[in-house]
Number of protein chains: 2
Amino acid sequence: MSVLALAGGVGGARLAAGLARALPPGDLAVAVNTGDDFEHLGLSISPDIDTVVYTLAGLNNPELGWGLASETWAFMAALERLGGETWFRLGDRDLATHVERTRRLAAGETLSAITADFAARLDIAQRIVPMSDDPVRTIVETDEGALAFQDYFVRRQCAPVFRGLRFDGADGARPSAGFAEALADPALEAIVICPSNPLLSLGPILAVPEVRAALAARRVPCIAVSPFIGGQAVKGPAGKIMAELGRDATPAGLLALYDGLVDGLVIDGADAGARADVPLHVTDTLMRGPDDQTRLAREALAFAAGLAR
Amino acid sequence: MSVLALAGGVGGARLAAGLARALPPGDLAVAVNTGDDFEHLGLSISPDIDTVVYTLAGLNNPELGWGLASETWAFMAALERLGGETWFRLGDRDLATHVERTRRLAAGETLSAITADFAARLDIAQRIVPMSDDPVRTIVETDEGALAFQDYFVRRQCAPVFRGLRFDGADGARPSAGFAEALADPALEAIVICPSNPLLSLGPILAVPEVRAALAARRVPCIAVSPFIGGQAVKGPAGKIMAELGRDATPAGLLALYDGLVDGLVIDGADAGARADVPLHVTDTLMRGPDDQTRLAREALAFAAGLAR
């Protein structure tokens with residue numbers, strides 16, 4: 001069996017961690033959004049890749065939802081004293097990831113190769129692949145003008161009103177070799193769209209033309225796990241953004257966004273009355289910890305397997 | 001009164017700290033070696049400038065002789081886990097200096113401007129100026145071939161036998177604006193060559209043509225404080241290197257290196273019998289702490305003032 005998960009940040013990483021526990025190590029590939037990637041302080045930062053890597057390594061910070069557990073902040077305090085920019089918080093341990101990635105990118109390595117090596121060094125047996133090695137940059141169009149993703153998301157805390165999105169570079173981007181391989185794998189049995197922000201985290205992945213074409217031509221079930229519970233996002237600004245775009249943070253709103261790419265949807269009991277034109281699996285989708293992650297992953301895999309018949 | 005000190009790393013920084021306490025704040029400029037500067041992990045590192053800045057700010061690590069007091073090493077441990085290079089130790093707080101300097105250099109600021117701003121933010125009232133804003137790189141010729149300075153000094157711990165030195169870029173380098181201004185200051189009353197490594201730390205400064213010419217044409221006394229005590233360097237490889245070059249780690253050996261640029265020499269009591277063709281001031285030159293630094297600085301200033309008559 002081979003399963004391909006598509007993930008963004010925290011929610012996606014949590015389900016990916018569940019899938020990693022539910023499947024033999026070689027059977028899972030996780031393709032991760034890189035639209036959030038940016039350059040800051042001269043460093044190449046890949047927030048969603050790091051969240052997935054740290055979470056699958058068991059090193060993630062569950063309180064913050066990003067970064068490493070037991071992190072320290074001496075660098076940040078010293079940077080502040082020198083008058084540097086501190087709106088994007090970089091922990092002392094986390095910083096090593098960014099410095100080393102930046103060095104290796106400058107030396108000509110791909111983000112894929114660097115990510116695979118970091119994952120191996122952190123004893124992760126699953127494949128974690130960037131959606132693309134070509135730069136794709138999410139730009140948020142707001143009532144205050146176009147903002148680079150992290151400017152909108154972190155610096156401005158999502159305060160400006162969302163008007164639209166574009167993914168600069170996506171049209172010309174190719175899926176990474178590992179992602180393309182996972183999509184074309186003859187052993188592939190299911191594709192799982194994780195409960196990350198459908199617009200900001202999955203949007204960039206689905207905007208890569210070959211990815212969308214491969215998903216549209218899929219021969220295996222593609223299921224999504226809804227990030228919404230009772231009309232709200234579990235975490236993050238997805239609910240606010242859906243509302244600002246005139247969309248509902250509901251199963252139907254999600255399916256409209258995924259537009260024909262999804263064969264089944266896992267939704268929370270709070271949304272049990274939802275109407276949808278694909279099969280629904282209703283369960284408790286809130287992942288409070290590893291046990292919930294593994295249970296939800298197992299249910300999602302069983303649901304997908306049922307759709308394959 | 002205006003005093004110009006020429007300094008390298010730890011010994012130079014210690015006397016500079018003494019001079020800073022011995023003089024009114026506006027009266028001291030410290031010109032610092034940049035021949036040790038290098039790029040590492042994609043970061044622009046200026047070891048001697050940082051040692052002088054940290055020491056004058058009272059933030060230096062007296063045990064290590066470099067870096068910051070109460071430093072932590074979470075970054076380094078994380079970098080090691082990711083397979084990064086760890087032979088050059090970068091503390092979590094110290095790293096902020098390198099990341100912010102690298103960012104500002106890339107944005108087009110000069111090393112002089114960045115250094116002045118860092119010094120101001122760390123409440124240093126004295127002027128700390130790089131010897132040059134043009135890149136000068138110390139290359140050590142050894143029995144194992146030519147080595148970049150930090151490769152020789154840190155990675156190889158000065159083990160290869162020293163055959164010679166060159167300062168790439170020095171011929172075409174200009175003194176920094178602040179250094180040139182201090183050299184030409186009509187109020188200048190003394191130049192103090194601090195007890196840093198004469199070959200590795202002062203060598204690059206003196207290799208900048210306009211600096212050497214200005215020192216040769218000086219109208220004020222230039223005195224040196226010997227880094228040697230009883231034929232040995234207080235710290236670092238100066239003694240070993242002098243021996244490998246067939247030179248003596250003595251007052252006479254030092255004067256031969258400074259070749260006509262020095263009007264008086266401060267030496268330790270252990271070398272009291274030394275013969276020299278310039279006036280000597282014999283005292284306790286070992287700087288065990290701030291009190292020694294200030295006392296030695298006062299003695300050096302008085303000695304220089306006496307030579308001006």
Side-chain angles (χ1 to χ4, degrees), chain A residues 39-46 49-50 53-54 57-59 61 67-86 88-109 113-124, chain B residues 39-46 49-50 53-54 57-59 61 67-86 88-109 113-124:
Chain A
E39 297 264 319
H40 183 61
L41 304 176
L43 302 172
S44 294
I45 301 181
S46 296
I49 286 182
D50 292 347
V53 167
Y54 294 163
L59 299 172
N61 188 317
L68 289 159
S70 308
E71 186 58 282
T72 55
W73 305 94
F75 166 81
M76 219 66 214
L79 185 66
E80 184 160 23
R81 180 143 189 210
L82 293 178
E85 287 190 52
T86 56
F88 195 89
R89 308 283 299 164
L90 294 168
D92 299 330
R93 288 169 180 76
D94 184 38
L95 197 56
T97 303
H98 310 308
V99 168
E100 182 66 0
R101 174 168 44 224
T102 303
R103 185 192 71 73
R104 291 174 67 164
L105 286 171
E109 290 188 63
I114 298 164
T115 303
D117 186 51
F118 284 1
R121 289 180 185 275
L122 298 178
D123 302 321
I124 296 170
Chain B
E39 296 264 321
H40 183 59
L41 304 176
L43 302 172
S44 295
I45 301 181
S46 296
I49 286 181
D50 292 346
V53 168
Y54 293 164
L59 299 173
N61 187 317
L68 290 160
S70 309
E71 186 59 282
T72 55
W73 306 94
F75 167 82
M76 219 66 215
L79 186 66
E80 184 160 23
R81 180 141 190 212
L82 293 178
E85 287 190 53
T86 57
F88 195 89
R89 309 283 298 163
L90 294 168
D92 299 329
R93 289 169 179 75
D94 183 39
L95 197 56
T97 303
H98 311 308
V99 168
E100 182 65 359
R101 174 168 43 223
T102 303
R103 185 192 71 74
R104 292 174 67 164
L105 285 170
E109 290 189 62
I114 299 163
T115 303
D117 186 52
F118 284 0
R121 289 180 185 274
L122 298 177
D123 301 320
I124 297 170

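Throughout, protein chains are lettered first and strands after them, A, B, ... in sequence-line order, and every chain is numbered starting at 1.
Of all residues spanning residues 115-122 of chain B, those with a heavy atom less than 4.5 Å away from chain A's heavy atoms are Asp117(B), Phe118(B), Arg121(B), Leu122(B), arranged by number.
Between Arg81(B) and Leu59(A) there is a side-chain heavy-atom pair separated by less than 4.5 Å.
Chain A forms the most heavy-atom pairs under 4.5 Å with one residue out of Leu68(B), Leu41(B), Asp94(B), and that residue is Leu41(B). Among Thr102(A), Thr97(A), Leu95(A), the residue with the largest count of heavy-atom pairs under 4.5 Å with chain B is Leu95(A).
Residues Arg104(A) and Leu82(B) come closest through the heavy atom pair NH1-O, 4.3 Å. Taking all atoms of both residues into account, the shortest heavy-atom contact from Ala74(B) to Arg93(A) is CB-NH1, 3.6 Å.
Proximity to chain B (any heavy atom under 4.5 Å) is shown, for Leu105(A), by neither the backbone nor the side chain. Contact annotation for Ile114(B): neither backbone nor side-chain heavy atoms come within less than 4.5 Å of a heavy atom of chain A.
With a 6.0 Å radius and a threshold of 12 heavy atoms from other residues, nucleotides or ligands, Glu80(B) has its CD atom at or below the threshold.
Atom NE2 of residue His40(B) and atom CZ of residue Arg103(A) lie 8.5 Å apart, to the nearest 0.5 angstrom.
For Asp92(A), the side chain to side chain donor-acceptor pair (under 3.5 Å) partners are Thr72(A), not counting sequence neighbours.
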